[in-house]
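Both backbone and side-chain heavy atoms feed into the values below; hydrogens, waters and symmetry mates do not. Treat the numbers as computed from the prediction; the structure is a model and nothing was measured.
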Amino acid sequence: QVQLVESGGGLVQAGGSLRLSCAASGSIFTINAMGWYRQAPGKQRELVAGITSGGSTNYADSVKGRFTISRDNAKNTVYLQMNSLKPEDTAVYYCNAGIVTWVPGETNYWGQGTQVTVSS
């Protein structure tokens, strides 16, 4: 019953900004790490940014200084603020979360993906 719903993707001009949101709902006991991945056509899915339950973050080198990941634990939501967007940021962005439900152990869940297109 756990579901991750993403929003905020779209078309933006190079140099512009977008803010992605991903809200988790369902039978959630606790959420561990959350992150954003992206996949461009013909390429592997890659980690863009991650954040632990305690707020520690990590970023892909290609987005450092431009993207910021954050989370609101009260809302079970993770965000990705994307600034100074470049055409090479164009991809489908996926939210991921490690979630413990009423069954012992962590399960990773994925959002449905949201398209981000950056025009030049």
Undergrad: Kindly indicate whether the side chain of N96, heavy atoms from C-beta on, has any atom under 4.5 Å from the side chain of Y109.
TA: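 Result no, sub-4.5 Å side-chain heavy-atom pair not found.
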
Undergrad: Are V116 and Y94 co-members of a hydrophobic cluster defined by side-chain heavy atoms under 4.5 Å apart?
TA: no

Undergrad: Give a yes or no on whether the ring-centroid distance for Y37 and W110 is below 6.0 angstrom.
TA: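 Ring centres of W110 and Y37 closer than 6.0 Å.
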
Undergrad: Any side-chain heavy atom of S70 within less than 4.5 Å of one from Q81?
TA: no

Undergrad: Mind running side chain to side chain donor-acceptor pair (under 3.5 Å) on S119 and Q13 for me, showing each step along the way?
TA: CA-CA 5 Å; S119 65; Q13 190 177 19; 5.8 Å; no

Undergrad: On a heavy-atom basis, which atom in N83 and which in S17 lie closest, and how many Å separate them?
TA: OD1-OG, 2.9 Å

Undergrad: Would a 4.5 Å heavy-atom cut-off, applied to side chains only, mark T68 and Y59 as touching?
TA: yes

Undergrad: Decide yes or no for T90 and E88: does some side-chain heavy atom of the first lie under 4.5 Å from some side-chain heavy atom of the second?
TA: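 With C-beta onward as the side chain, the pair stays apart.
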
Undergrad: Answer yes if the side chains of N32 and S53 hold a donor-acceptor pair under 3.5 Å, and no otherwise.
TA: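 Short answer, no.
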
Undergrad: Just checking, any donor-acceptor pair under 3.5 angstrom between side chains of T117 and Q115?
TA: yes

Undergrad: Sequence neighbours excluded, which residues qualify as salt bridge (Lys or Arg N to Asp or Glu O under 4.0 Å) partners of E46?
TA: R38

Undergrad: Suppose we screen for salt bridge (Lys or Arg N to Asp or Glu O under 4.0 Å). Which residues come up paired with K43, at least two apart in sequence or across chains?
TA: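 Testing K43 for salt bridge (Lys or Arg N to Asp or Glu O under 4.0 Å), a comparison that skips the adjacent residues, returns none.
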
Undergrad: Starting at CG of N58, measure out to OG1 of T52 and round the result to the nearest 0.5 Å.
TA: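 Here the rounded value is 9.0 Å.
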
Undergrad: Might you point out which heavy atoms bring L80 and A49 nearest each other, and give the distance in Å?
TA: CD1-CB, 4.1 Å

Undergrad: Does any part of the side chain of V78, heavy atoms only, come nearer than 4.5 Å to the side chain of I51, both counted from C-beta?
TA: yes

Undergrad: Do you know which two heavy atoms are closest between M34 and N76, and how far apart they sit?
TA: CE-O, 4.4 Å

Undergrad: Testing the 3.5 Å rule here: is there a donor-acceptor pair between the side chains of E6 and T114?
TA: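 Side chains of E6 and T114: no pair found under 3.5 Å.
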
Undergrad: If the condition is salt bridge (Lys or Arg N to Asp or Glu O under 4.0 Å), which residues does R66 pass it with, not counting sequence neighbours?
TA: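 D89.
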
Undergrad: Considering only heavy atoms from C-beta outward, does the side chain of L20 approach that of W36 to under 4.5 Å?
TA: yes

Undergrad: Check L4 against A24 and note the closest heavy-atom contact, atom names and distance.
TA: CD1-CB, 3.8 Å

Undergrad: Taking all non-hydrogen atoms of both residues, which atom of A14 and which atom of S120 are closest, and how far apart?
TA: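 Result for this residue pair: CB-CA, 4.4 Å.
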
Undergrad: Does V100 belong to the same Ile/Leu/Val/Met/Phe/Trp/Tyr cluster as W102, with side-chain heavy atoms less than 4.5 Å apart forming each link?
TA: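 Yes; tracing contacts between hydrophobic side chains, which count when under 4.5 Å, links both residues.
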
Undergrad: Applying a strict under-4.5 Å side-chain criterion to I, L, V, M, F, W and Y, I'd like to know whether V12 and V92 cluster together.
TA: no

Undergrad: Under the 6.0 Å and 45° cation-pi test, does R71 pair with Y79?
TA: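 No, R71 does not lie over the aromatic ring of Y79.
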
Undergrad: Considering only heavy atoms from C-beta outward, does the side chain of V2 approach that of I99 to under 4.5 Å?
TA: yes

Undergrad: From Q112 CD over to C22 SG, what is the distance, rounded to the nearest 0.5 angstrom?
TA: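 Going from the CD atom of Q112 to the SG atom of C22 covers 8.0 Å.
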
Undergrad: Per the side-chain contact (heavy atoms from CB on, under 4.5 Å) rule, which among L18, L11, L85 passes with V118?
TA: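 Result: among L18, L11, L85, L85 is the only option passing the side-chain contact (heavy atoms from CB on, under 4.5 Å) with V118.
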
